[in-house]
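Here the structure is a predicted model, which is why all the values come from computation and not from measurement. We name chains A, B, ... by the order of the sequence lines, and we start the count at 1 in each one.
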2 protein chains.
Amino acid sequence: MNIGEASKASGVSTKMIRYYEQIGLIAPAHRSEAQYRTYEDTDIHTLRFIRRARDLGFSVEQMKTLLALWHDRARASGDVKAIALEHIAELDRKAAAIAAMTATLRHLASNCHGDGRPDCPILDDFADAPPESDLPEVSARFGRANIG
Amino acid sequence: MNIGEASKASGVSTKMIRYYEQIGLIAPAHRSEAQYRTYEDTDIHTLRFIRRARDLGFSVEQMKTLLALWHDRARASGDVKAIALEHIAELDRKAAAIAAMTATLRHLASNCHGDGRPDCPILDDFADAPPESDLPEVSARFGRANIG
DNA sequence: GTAGTGCTTCCCATCATGGGAAGGTCAAGG
DNA sequence: CCTTGACCTTCCCATGATGGGAAGCACTAC
């Protein structure tokens, strides 16, 4: 199976398959005589594993660990669960950051009549809200939310 | 006021102040004889505005528009509200994507006894879950969630 | 044998942010 | 007056995961 077929079968783009190989997430693919990468069913299985983990928001680093645990038949399920729980906690933190943003924005928007008049509480808030040091809020605790 | 003081007064790092100037989000600062950037209170006001918008998750492009509207005394509040609502919708989409991930992960983790035994439903799911085309789920609708 | 598709590698872009080097400037204290 | 240290300048590079695209082979179908 060439890389294009492997991509279709796994749902991982050819670009990403090559990238994952380059950074060592997956082993270098076998090559045909013409240096084409070739993939077996087991490789597709691995790629699907990666796809699934990626869809659940795991980073490449986490996937490296998960793949190692997957290949280690003697691993402790607690090790896997710990990674999952840590990731859940991280996602919860991001969700909380987003929720805080939307709550503030919804409040501001609800006070903005949103018609042709220039008066706008949203801009007023942006211009006059106290700097974050006054409120130990989300952005202070979690840093810049890289969710944009 | 030099850039360091402006940074402390606004909560925007010196690096980012220079960057915002470079990409045209803010006007080039006045310079001292020694080419040091100097800032007035009005500049700090603008930087705080940016800081606030950034903390609420707005992109640089959105901030550009918001700043333009802020400086336009004749703007319609509806224009501002539209941007805010669109941003809220985007944040809600991301929150939904995160919620879907955590729901799945929580379910998998709850079925994982998480002790020293190797049996692990989490890895089993990763290895055997059907490819995403079977389920028109979050990742398919919203693309790769860049929330990681 | 040629057209078209697929593969290869290599470089560049994203977005917002930080790190760090090399060198100029300023204020305080000896 | 000169040194020291803190500050400023510009320039380059890195992040993480992903895509775009070019130049050049390889393969397939007709």
**Q** Considering only dG21(D), dA16(C), dA26(D), which nucleotide approaches the side chain of Lys15(A) most closely?
**A**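 Nucleotide nearest to Lys15(A)'s side chain: dG21(D).
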**Q** Grab the CG-P distance between Asn2(A) and dA26(D) for me, whole Å please.
**A** 14 Å
**Q** Less than 4.0 Å between a side-chain N and a carboxylate O, is that true for Asp119(B) and Arg117(B)?
**A**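 No salt bridge links Arg117(B) with Asp119(B).
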**Q** What integer distance in Å separates Gln22(B):CD from dC11(D):C1'?
**A** 10 Å
**Q** Which residues pass the side-chain hydrogen bond (donor to acceptor under 3.5 Å, both in side chains) test with Asp92(A), sequence neighbours left out?
**A**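 Expected list: Arg106(B).
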**Q** Does a side-chain N or O of Arg31(A) approach OP1 or OP2 of dT9(C) to a distance below 4.0 Å, or not?
**A** yes
**Q** Measure from the ring center of Trp70(A) to the ring center of Phe49(A) and say whether it is less than 6.0 Å.
**A** yes
**Q** Round to a whole Å and report the spacing from NZ of Lys94(B) to P of dC15(C).
**A**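 Result: 12 Å.
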**Q** Select from Met16(B) and Tyr39(A) the residue whose nearest nucleotide in DNA chain C is closer to the 5' end of that strand.
**A** Tyr39(A)
**Q** For Ile50(B) and dC15(C), give me the distance from atom CD1 to atom P, rounded to whole Å.
**A** 17 Å
**Q** Choosing from dT25(C), dA17(D), dC8(D), which nucleotide comes nearest the side chain of Ala34(B)?
**A** dT25(C)
**Q** Mind calculating the distance between NZ (Lys64(B)) and P (dC15(C)) to the nearest angstrom?
**A** 10 Å
**Q** Using whole Å, what does the distance between atom C1' of nucleotide dT8(C) and atom CD of Glu21(A) come to?
**A** 12 Å
**Q** Show the numbers, then the answer: is there a side chain to side chain contact (heavy atoms under 4.5 Å, CB included) between Ile122(A) and Asn111(A)?
**A** CA-CA 8 Å; Ile122(A) 299 172; Asn111(A) 288 338; over 6 Å; no
**Q** Touch check for Ser13(A), heavy atoms < 4.0 angstrom, all strands: base, sugar-phosphate only, or nothing?
**A**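 Touches sugar-phosphate only.
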**Q** What is the separation between atom CD1 on Ile23(A) and atom P on dA14(D), rounded to the nearest whole Å?
**A**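 Those two atoms, CD1 and P, are 16 Å apart.
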**Q** To the side chain of Tyr19(B), which of dA17(D), dT9(D), dT17(C) is closest?
**A** dT17(C)
**Q** What nucleic acid atoms does Arg18(B) come within less than 4.0 Å of, heavy atoms only: base, sugar-phosphate, or nothing?
**A**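 Since a base atom lies under 4.0 Å of Arg18(B), the category is base.
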**Q** For a quick test of reading the model: is some side-chain N or O of Arg37(A) closer than 4.0 Å to OP1 or OP2 of dT8(C)?
**A**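 True: Arg37(A) side-chain N/O within range (under 4.0 Å) of dT8(C) OP1/OP2.
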**Q** Starting at CD1 of Ile3(A) and ending at P of dG19(D), how long is that distance when rounded to a whole Å?
**A**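 About 13 Å, once rounded to whole Å.
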**Q** When you get a sec, tell me which of dC27(D), dC11(C), dG24(C) is the closest nucleotide to the side chain of Tyr36(A)?
**A** dC27(D)
**Q** Out of dA17(D), dT18(D), dT17(C), which has the shortest distance to the side chain of Ser59(A)?
**A**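 Of dA17(D), dT18(D), dT17(C), dA17(D) is nearest to the side chain of Ser59(A).
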**Q** Determine the minimum heavy-atom distance between Ala95(B) and Ile98(A), stating which atoms define it.
**A** CB-CG2, 4.0 Å
